[in-house]
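First comes the structure, then the notes that go with it.
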Amino acid sequence: NEELWVQSVLEMPKRRDILAIVLIVLPWTLLITVWHQSTIAPLLAVHKDDGGDSQRDLAAGLDSKEYCLSDRDIVEVVRTEYVYTRPPPWSDTLPTIHVVTPTYSRPVQKAELTRLANTLLHVPNLHWILVEDSQRRTPLITRLLRDTGLNYTHLNVETPRNYKLRGDMRDPRIPRGTMQRNLALRWLRETFNKNNSQPGIVYFADDDNTYSLELFEEMRSTRKVSVWPVAFVGGLRYEAPKVNAAGKVYGWKTVFDPHRPFAIDMAGFAVNLRLILQRSQAYFKLRGVKGGYQESSLLRELVTLSDLEPKAANCTKILVWHTRTEKPVLVNEGKKGFTDPNVEI
Amino acid sequence: YVYSRPPPWSDTLPTIFVITPTYTRPVQKAELTRLANTFLHVQNLHWVVVEDSPRRTNLVSNLLEKAGLNFTHLNVETPKSLKLGVTWIPSHTPRGTLQRNLGLHWLRDSFSNTAPPEGVVYFADDDNTYSLELFEEMRYTRRVSVWPVAFVGGLRYESPKVSPAGKVVGWKTVFDPNRPFAIDMAGFAISIKLILEKPHASFKLEGVKGGYQETSLLKDLVTMDGLEPKAANCTKVLVWHTRTERPTLVNEGKRGFTDPRVEV
């Protein structure tokens with residue numbers, strides 16, 4: 001009987017004990033949760049950066065809560081907040097990529113710049129230098145640049161009419177875009193002091209090419225001049241630098257004139273801003289440049305073959321395509337024009 | 001702060017289902033790349049990519065996985081007979097039709113008519129150019145919304161004619177303005193609800209005259225006076241029917257110069 005009594009005494013308290021444990025533990029867990037949150041939230045509120053007016057703040061991945069600053073000890077917390085803004089927030093640590101784009105008026109211009117801007121809007125610390133081939137900066141470009149929200153500089157210089165390339169004629173005079181790219185180089189040299197310049201990379205991006213987002217991260221680490229393959233140039237699927245086992249460029253995988261000093265397309269290299277500022281006389285040659293030698297005319301004044309830094313997995317990946325856009329057929333506009341010329345395309 | 005793309009999904013914003021037919025050719029990856037770069041800015045976008053191929057290719061699969069977009073990857077091959085078929089004038093080849101219809105079929109399979117999601121369907125070819133503003137214009141479509149498109153019909157742009165009362169009353173085109181819907185594929189969007197309500201509305205595959213493909217679908221969905229004009233009563237151009245040149249690959253020669261394992 002004693003055993004029975006002992007057994008029942010042991011069994012009964014089970015439910016009571018559980019209840020007791022719950023009633024004791026629960027308030028403590030609640031207390032700890034609240035205490036934890038109230039120490040963390042003020043830290044986040046204090047660190048939240050607005051990122052400037054020029055950004056479109058569509059949505060933050062975090063609910064904003066109001067908390068009073070507690071006078072407890074501050075706990076070091078690193079919390080990743082996923083934020084979409086257009087463009088991304090400026091960073092103090094990333095080198096700036098200065099993208100130089102020459103452009104000229106023609107029906108597809110706005111379309112080209114729109115889709116290029118849509119790509120550039122994903123790249124942090126990007127500065128777009130758009131140089132119009134025109135007598136004056138046009139309202140179309142002025143409005144477009146302002147509406148994108150990008151960090152930009154708007155320049156213009158008109159290529160003298162005798163020298164403009166007409167259509168696809170390979171005229172060995174001033175290739176298209178040269179004066180505009182040179183103006184951008186001059187602007188960079190006038191704007192940035194070579195002694196206390198912020199780190200930067202210069203990239204020449206024509207307005208009809210196609211750029212992957214990965215490309216911009218590849219070029220960001222350029223020390224002098226970096227290079228990579230380009231699709232749809234030289235009559236090939238792609239042209240690429242030849243890279244040896246030691247990771248050094250020693251030649252060019254091209255069919256067209258592989259013995260050029262730099263058998264590479266404009267879209268296939270980037271230059272460290274410091275180098276641009278140091279070699280302040282290095283420009284693209286204006287006249288007397290053979291077809292395909294424009295890039296060499298600049299690069300030979302900046303770097304030697306062995307100094308080149310291969311990117312894109314030692315030049316085995318395609319991250320940029322030299323696409324070209326067809327000229328639209330406007331035959332139904334007729335002589336006097338059918339559509340409203342005030343409607344901008 | 002880590003930059004996230006696309007923007008976080010919202011429970012309250014209507015979804016934009018973008019149906020893009022695509023096919024293998026040298027510039028395909030470039031086209032899809034820059035298209036993805038545009039879509040990555042648009043909130044609540046679901047990309048339905050439909051390959052014209054017997055199997056889903058690695059190129060497109062990998063691209064979609066890497067991009068980070070919300071997507072569905074489909075494929076259906078256009079039979080060779082259709083490609084050359086009834087009208088063998090290249091401009092009348094019904095390219096993309098089977099693929100767009102498959103996209104519609106997937107939507108009807110995935111969503112029920114009794115509880116339709118808030119959203120629109122938009123047919124976006126992979127070589128056109130889209131402004132970000134366009135997607136916000138189409139997002140709140142009740143039945144079918146329309147707007148101008150650049151570089152179609154041999155004009156700077158084609159556009160619906162909108163009356164002062166804000167109703168579509170005709171089409172500002174030179175080519176066959178009397179078509180029931182003289183509008184390009186890129187010039188309209190349809191609410192999901194309507195697609196689900198009319199499960200038999202599809203693009204007609206055969207016997208479609210040049211320029212009538214859009215009509216073959218829209219006539220079963222809406223009448224002209226039911227159209228909703230967007231883009232400031234159809235006075236702004238927010239989409240361009242750009243076309244990409246075929247690249248010259250003459251230096252590849254007979255046996256190929258570049259490494260075929262390097263994806264372009």
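These numbers come from a predicted model, not from an experiment. Letters A, B, ... mirror the listed sequences (proteins, then strands); counts begin at 1.
Of the listed residues B:Val152, B:Leu155, B:Leu40, the one with more heavy-atom pairs under 4.5 angstrom with chain A than any other is B:Leu155. If you tally non-hydrogen atom pairs under 4.5 Å between each of A:Asn209, A:Thr316, A:Thr254 and chain B, the highest count goes to A:Thr254. Interface check for chain B: of the options A:Thr119, A:Thr114, A:Asp208, A:Val255, the most heavy-atom pairs under 4.5 Å are formed by A:Val255. When each of A:Glu333, A:Glu326, A:His122 is checked for heavy-atom pairs under 4.5 Å with chain B, A:His122 comes out on top. Taking B:Leu132, B:Val237, B:Leu238 one by one and counting their heavy-atom pairs under 4.5 Å with chain A, the maximum is reached by B:Leu132. With chain B as the partner, the residue from A:Ala231, A:Gly235, A:Ser212, A:Gly234 showing the most heavy-atom pairs under 4.5 Å is A:Gly235. In terms of heavy-atom pairs under 4.5 angstrom with chain A, the leader among B:Lys29, B:Glu252, B:Glu31, B:Arg156 is B:Arg156.
With a threshold of 4.5 angstrom between heavy atoms, B:Thr258 approaches chain A through its backbone and through its side chain. Neither the backbone nor the side chain of B:Leu35 has a heavy atom closer than 4.5 Å to any heavy atom of chain A.
Taking the ring axis of A:Tyr84 as reference, the NZ or CZ atom of B:Arg5 does not stay both within 45° of it and closer than 6.0 Å to the ring centre. The side-chain tip of A:Arg324 does not point at the ring of A:Phe232 from less than 6.0 angstrom away and within 45° of straight on. A cation-pi arrangement is present between A:Arg106 and A:Tyr104 under the rule of less than 6.0 angstrom and at most 45 degrees off the ring axis.
In this structure, the side chain to side chain contact (heavy atoms under 4.5 Å, CB included) partners of B:Ala30, at least two apart in sequence or on a different chain, are A:Thr210, A:Trp321, A:Thr323. The salt bridge (charged side-chain N to carboxylate O under 4.0 Å, His left out) check on B:Lys66 picks up A:Glu214, with sequence neighbours excluded.
A salt bridge is defined here as a Lys NZ or Arg NE, NH1 or NH2 lying under 4.0 Å from an Asp or Glu carboxylate O, and A:Glu344 with B:Lys236 fails to meet this definition.
In this structure, A:Tyr211 and A:Tyr203 have perpendicular ring planes: the angle between them is above 60°, well past the 30° mark.
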